[in-house]
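Take a look at the structure set out below.
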Amino acid sequence: MPELPEVETIARDLAPRLRGRTIVRLQAARRPPVFAPNSLPARELVGRRIRDVGRAGKFILIELDGDLRLAVHLRMTGNLLYQSSPGPVGYTRATLDLDNGARVVFADVRKFGRLRAFRGDPREQLGVGIDPFAPELDARAFGELARGRRAPVKSWLLDQRHIAGVGNIYACESLFYAGVRPKRRVGKLSRSQRERLLVSLRRVLRKAIHHRGSSVDDYRDGEGKKGEFQKHLAVYGRAGAPCRRCGTPIRRIVLAQRGTFYCPVCQA
DNA sequence: ATCAGCACCTGTTGGC
DNA sequence: TGCCAACAGGTGCTGA
């Protein structure tokens, strides 16, 4: 479900409320376990003060004293909610009670989402690649990452080890604005195609953050509210509908087992 | 070293 | 109206 813009929105919602608070109690579902197998024990988190909340790829990062971090991955249907006065939430998988009486709830219908406590460098520990907004990521660096890769550009964008944070919606959208077909082999893109793709990717991610993310179905922000960017999608979920630029019906194919949307005229 | 395919879960939707 | 297959924003594992 949530991709970079949704995760960024939640992290920004939570940061000012959680900063300086201490975790006084933690409850976590055991079947199936919400904590990842490679997590430090959950009890390590109790009694710790929260320094900040950020993001690495699609992970929400809750940074604690003692070089400790809690990474939250929402996968398809996870939500992370702040409650100033705690009340019941459906599909709750974990709760963090804070020293001011507030609570952070992790709820997830499909139970794919995971928590992981760890120490050390987040990008290294979590295996996430470069951030799309990193200044050092230019057409040249993109070219080096993609050199020799035969995967379709869309599949490559979804692999978090390369560029981290792009998911199915924003991969489709950025390829549309760049005028590149999802099936094009990433290693064979021209420099100008890579340039256009980077510009499109950043523009669409920035706009989506501005609109507080896309709520196609389950996504909610840190206050439980929907995003607005689903109203501005150009191709995602629009199979058969006219392309906003040329009027040709948007096509849907399956690539890497994911629904993939593009305009057969605007995308070469 | 890649990459396709399936597994993990539950809920909603669309076609017959 | 009812049933069931297909599909859903993600990733990890297996085996070719």
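Chain naming here is simple, since letters A, B, ... match the order of the sequence lines and numbering starts at 1 in each.
- Both geometric conditions, a ring-centre gap below 5.5 Å and a plane tilt below 30°, are fulfilled for Phe112(A) over the base of dC8(B).
- Between Tyr219(A) atom OH and dG10(C) atom C1' there is a gap of 16 Å when expressed in whole angstrom units.
- Regarding Leu126(A), its CG atom lies at a distance of 10 Å from the P atom of dG12(C), rounded to whole Å.
- Ring pair Phe142(A)/Trp156(A) is parallel by interplanar angle, where below 30° counts as parallel and above 60° as perpendicular.
- Between Arg252(A) and dA8(C) there is a side-chain polar atom (N or O) within less than 4.0 angstrom of OP1 or OP2.
- The existence of a salt bridge linking Arg49(A) and Asp65(A) is confirmed by a sub-4.0 Å separation between a basic side-chain nitrogen and an acidic carboxylate oxygen.
- Across the protein-nucleic acid pair, Gln160(A) atom CD and dG10(C) atom P stand 8 Å apart, rounded to whole Å.
- Spacing between dG12(C) and dG11(B) at atom P, rounded to whole Å, works out to 24 Å.
- Looking only at side-chain heavy atoms (C-beta outward), Arg212(A) and Asp13(A) come within less than 4.5 Å of each other.
- Nucleotide dG12(C) holds its P atom 10 Å from the CZ atom of Arg116(A), rounded to whole Å.
- Cation-pi contact between Arg93(A) and Phe106(A): absent, since separation from the ring centre below 6.0 Å together with deviation from the ring axis within 45° is not met.
- Put simply, the side chain of Arg110(A) and the base of dA8(C) share a donor and an acceptor less than 3.5 Å apart.
- Taking atom CG of Asp108(A) as the reference point, atom C1' of dG10(C) lies 11 Å away to the nearest angstrom.
- Comparing the same atom, P, in dA6(C) and in dC6(B) gives a spacing of 13 Å after rounding to whole Å.
- The same atom, P, is picked in dC9(B) and in dC3(C); the two are 26 Å apart, to the nearest Å.
- Phosphate proximity of dG10(C) to Arg258(A): present, with a side-chain N or O under 4.0 Å from OP1 or OP2.
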For nucleotides 1-4 of chain B, tabulate all protein N/O to nucleotide N/O atom pairs closer than 3.5 Å, reporting atom names and distance.
residue	atom	partner	partner atom	Å
dT2(B)	O5'	Arg149(A)	NH1	3.4
dC3(B)	OP1	Ala151(A)	N	2.9

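- Stacking of Arg245(A) on the aromatic ring of Phe176(A) is recorded, both the 6.0 Å distance cut-off and the 45° axial limit being met.
- Salt-bridge formation is not detected for the pair Arg123(A)/Asp121(A): no Lys NZ or Arg NE/NH1/NH2 atom is positioned less than 4.0 Å from an Asp or Glu carboxylate oxygen.
- With rounding to whole Å, Leu74(A) atom CG is found 16 Å from dC9(B) atom C1'.
- Rounded to whole Å, atom P of dG10(C) lies 14 Å from atom CG of Leu255(A).
- When the side-chain nitrogen and oxygen atoms of Lys111(A) are compared with OP1 and OP2 of dT10(B), one or more of them lie within a distance under 4.0 Å.
- Taking side-chain N and O atoms only, His73(A) has a distance below 4.0 Å to OP1 or OP2 of dT11(C).
- In this structure, CZ of Arg75(A) is placed 15 Å from C1' of dT10(B), rounded to the nearest angstrom.
- Of the residues Lys58(A), Arg55(A), Arg202(A), the one that meets the salt bridge (Lys or Arg N to Asp or Glu O under 4.0 Å) test with Asp131(A) is Arg55(A).
- Residues passing the side-chain hydrogen bond (donor to acceptor under 3.5 Å, both in side chains) test with Asp67(A), sequence neighbours excluded: Arg69(A).
- Summarising the base pairing, dC9(B) is matched to no nucleotide, lacking a Watson-Crick or G-U wobble pair whose two defining distances lie under 3.5 Å.
- Ion pairing of Asp138(A) with Arg194(A) is absent here, as no side-chain N (NZ or NE/NH1/NH2) approaches a carboxylate O to less than 4.0 Å.
- With no hydrogens or angles considered, no side-chain donor-acceptor pair links Asp218(A) and Thr77(A) at under 3.5 Å.
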Show each protein N/O and nucleotides 11-16 of chain B N/O combination with a separation under 3.5 Å, one pair to a line.
residue	atom	partner	partner atom	Å
dG11(B)	OP1	Tyr91(A)	OH	2.7

